[in-house]
Amino acid sequence: DTLHNFSAYAMERHNPDAAYHNWHHGVSCMHTTFLLLSLGGADAYLTDDHIFALLFAALVHDIDHAGHNNDFEVKTATDRAAKYGNDSVLENHSITITYGEILTREGCDIFSGMKADGREEEWKVLLDMTKEYVLWTDPARHGELLKTLAKKHEEATTAASSEEEEKEATASTRCTRASLWSRDDLESRSLLCRMIIHAADISNPVHSDFSVVRDWCSRISTEFALQAKKESEAGLPVTPFMDGLDDEYRVSKQQIGFYQWMAIPFFTMVAKCLPGAAEVESHCTRNKKRYEDIVARIDSVRKSDELKEEKDKKTRSYVGKKGDDNSTHRST
């Protein structure tokens, strides 16, 4: 009953007017987290506490989202931005609502059993871990996380190669995978959780069904367009990648850039660090190709229309010239 009450109120406290950052995104993020833990094999390197905090964080990370990004909060000097010192504004706000409003609501405290059993220290640790993971969904931390993962993977690969350079490549690969994560190392567990929740948060490009990919794309594009409109109305510089998303061609071009500079590099690293989830990279690459095909198709149609228009223009010019020649001949 408590879990039901909590979930129902968490759903209610998501922004129903946000096209993308709503309850459906929270559930999707939690589901993808579960897939990376189970099918991806990440659960083998995590304790139950980390797994619980990770799933919990995935569900609540965008509660009461404003439908625009942190940069907009800062540029417009909102009360929330001031409250959190311009740092991960929306993520901190989601934690505040979750901890201060939802969990304190009558019949919604899913941690009440732990408190009753005298496990308050464990409860506090879970809340701290959950907050940490929610904060790592801030896109501003993407570069730092990718750099840290790349360094860890390189160190593990180098160590494995040094120890096993006489062995076959498959044996070396097994060693690399085994040495990358450690269930006994807190920092290892924390980094793995950061990777998983960020991957889940931006997982739209790795769906196997392109119609689902395009639906999420349409949703985020709608939010981007609304933010661009708000920025323009406020006399602020419009965020470049949010501007002009009013047709399939421009949206597809924007997505290609997102895939190229953010999604593919990150999911390529996820595949390296978590081989059980390697298909996320192939799905991401394939979906980028689908957007490239859309752009190529529209370019082809436009080129064909331009050639036709040029041909029609030449025809009209030729007919007009012939008409003038005939008129001159009759006059003579």
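Just the heavy atoms: all of them, side chains too, but no hydrogens, waters or symmetry mates, feed the values below. These figures come from a predicted structure and were not determined experimentally.
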Worksheet item: Going only through I, L, V, M, F, W and Y residues with side-chain contacts under 4.5 Å, is there a path from Leu135 to Tyr133?
Response: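 No: no chain of side-chain contacts under 4.5 Å links Leu135 to Tyr133.
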Counting C-beta onward and ignoring hydrogens, is there a side-chain heavy-atom pair between [X] and [Y] closer than 4.5 Å?
{"X": "Leu37", "Y": "Leu55", "answer": "yes"}
{"X": "Glu120", "Y": "Met114", "answer": "no"}
{"X": "Leu236", "Y": "Thr76", "answer": "yes"}
{"X": "Ile202", "Y": "Phe267", "answer": "yes"}
{"X": "Arg13", "Y": "Val60", "answer": "no"}
{"X": "Leu39", "Y": "Phe34", "answer": "no"}

Worksheet item: Taking the six-membered ring for Trp, are His25 and His61 parallel (under 30°), tilted (30 to 60°) or perpendicular (over 60°)?
Response: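 The rings of His25 and His61 stand perpendicular, inter-plane angle above 60°.
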Closer than 4.0 angstrom, basic N to acidic O: yes or no for [X] and [Y]?
{"X": "Lys272", "Y": "Glu281", "value": "no"}
{"X": "Glu187", "Y": "Arg194", "value": "yes"}
{"X": "Asp185", "Y": "Arg189", "value": "no"}
{"X": "Arg250", "Y": "Asp243", "value": "no"}
{"X": "Asp293", "Y": "Lys289", "value": "yes"}
{"X": "Asp299", "Y": "Lys303", "value": "no"}

Fill in: Atom pair CG/CG of Leu145 and Asp138 - distance to nearest 0.5 Å
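Leu145 CG to Asp138 CG: 11.5 Å, rounded to 0.5 Å.
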Do [X] and [Y] have side-chain N/O donor and acceptor atoms under 3.5 Å apart?
{"X": "Ser7", "Y": "His4", "answer": "no"}
{"X": "Asn5", "Y": "Glu106", "answer": "no"}
{"X": "His65", "Y": "Asn22", "answer": "no"}
{"X": "Ser221", "Y": "Gln254", "answer": "no"}
{"X": "Ser211", "Y": "Asp209", "answer": "yes"}
{"X": "His14", "Y": "Asp64", "answer": "no"}
{"X": "Glu231", "Y": "Gln227", "answer": "yes"}

Worksheet item: So Tyr291 and Phe258, ring-ring contact (aromatic ring centres under 6.0 Å, His included) or not? Walk me through it.
Response: CA-CA 11 Å; Tyr291 280 116; Phe258 169 67; 9.7 Å; no
Fill in: Chi angles and distances behind the side chain to side chain contact (heavy atoms under 4.5 Å, CB included) call for Val213, Asn204
CA-CA 6 Å; Val213 173; Asn204 307 333; 5.7 Å; no
Worksheet item: Run the side chain to side chain contact (heavy atoms under 4.5 Å, CB included) check on Lys152 and Cys273 step by step: do they pass?
Response: CA-CA 9 Å; Lys152 184 172 182 62; Cys273 294; over 6 Å; no
If you link ILVMFWY side chains whenever their heavy atoms are less than 4.5 Å apart, which other residues fall into the same cluster as [X]? By chain and number, please.
{"X": "Phe72", "value": "none"}
{"X": "Leu226", "value": "none"}
{"X": "Trp216", "value": "Tyr20, Val212, Ile220, Phe224, Phe241, Met242, Leu245, Val251"}

Worksheet item: Sequence neighbours excluded, which residues qualify as side chain to side chain donor-acceptor pair (under 3.5 Å) partners of Ser218?
Response: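 Here no residue qualifies.
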Discussion item. Show, in sequence, the C-alpha distance, side-chain angles and deciding distance for Glu248 and Arg214, and conclude whether the side chain to side chain contact (heavy atoms under 4.5 Å, CB included) test is met.
Written reply: CA-CA 10 Å; Glu248 185 178 37; Arg214 292 185 74 178; 2.3 Å; yes
[X] side chain to [Y] backbone, donor-acceptor under 3.5 Å:
{"X": "Thr32", "Y": "Ala200", "answer": "no"}
{"X": "Ser94", "Y": "Leu90", "answer": "yes"}
{"X": "Thr104", "Y": "Glu101", "answer": "yes"}
{"X": "Ser300", "Y": "Ala296", "answer": "no"}
{"X": "Thr285", "Y": "Ser282", "answer": "no"}
{"X": "Ser112", "Y": "Asp109", "answer": "yes"}

Discussion item. Could you check whether Arg297 makes a cation-pi contact with Tyr249, meaning its NZ or CZ is under 6.0 Å from the centre of the six-membered ring and within 45° of the ring axis?
Written reply: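 No, Arg297 and Tyr249 do not form such a contact.
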Practice prompt. State whether Tyr45 and Arg183 meet the cation-pi test: NZ (Lys) or CZ (Arg) under 6.0 Å from the six-membered ring centroid, and within 45° of the perpendicular axis.
Written response: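 No, cation not above the ring by the 6.0 Å, 45° rule.
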Listed partners of [X] passing side chain to side chain contact (heavy atoms under 4.5 Å, CB included), at least two apart:
{"X": "Thr96", "answer": "Lys83, Tyr84"}
{"X": "Val27", "answer": "Trp23, Leu59"}
{"X": "His142", "answer": "Leu146, His198, Met262, Phe266"}

Worksheet item: Step by step, would you call Ser88 with Arg141 a side chain to side chain contact (heavy atoms under 4.5 Å, CB included)?
Response: CA-CA 9 Å; Ser88 299; Arg141 302 187 179 210; 3.8 Å; yes
Worksheet item: Can you list the steps and then say if Lys75 with Asp71 is a salt bridge (Lys or Arg N to Asp or Glu O under 4.0 Å)?
Response: CA-CA 6 Å; Lys75 288 193 298 188; Asp71 186 52; 3.5 Å; yes
With sequence neighbours excluded, what pairs up with [X] under the salt bridge (Lys or Arg N to Asp or Glu O under 4.0 Å) test?
{"X": "Arg80", "value": "Glu73"}
{"X": "Arg286", "value": "none"}
{"X": "Lys253", "value": "none"}
{"X": "Glu292", "value": "Lys288"}

[X] versus [Y], closest heavy-atom pair with distance:
{"X": "Ile197", "Y": "Ala58", "result": "CD1-N, 3.8 Å"}
{"X": "Thr2", "Y": "Cys108", "result": "CG2-C, 3.9 Å"}
{"X": "Val206", "Y": "Cys284", "result": "CG1-CB, 4.0 Å"}

Discussion item. I'd like to know whether Glu91 forms a side chain to side chain donor-acceptor pair (under 3.5 Å) with Asn70, so could you lay out the CA-CA distance, the side-chain angles of the two residues, the decisive distance to 0.1 Å, and finally the verdict.
Written reply: CA-CA 9 Å; Glu91 291 77 18; Asn70 286 326; 2.9 Å; yes
Discussion item. How about CG on Asp79, more than 12 heavy atoms from neighbouring residues, nucleotides or ligands closer than 6.0 Å, or not?
Written reply: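 Not more than 12 within 6.0 Å, no.
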Worksheet entry | All pairs passing salt bridge (charged side-chain N to carboxylate O under 4.0 Å, His left out) where residues 19-31 contributes a residue, at least two apart |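 Pairs touching residues 19-31 that pass the test: none.
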Discussion item. Please report whether the ring centroid of Phe111 lies less than 6.0 Å from that of Phe52.
Written reply: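 Distance test on ring centres: under 6.0 Å, yes.
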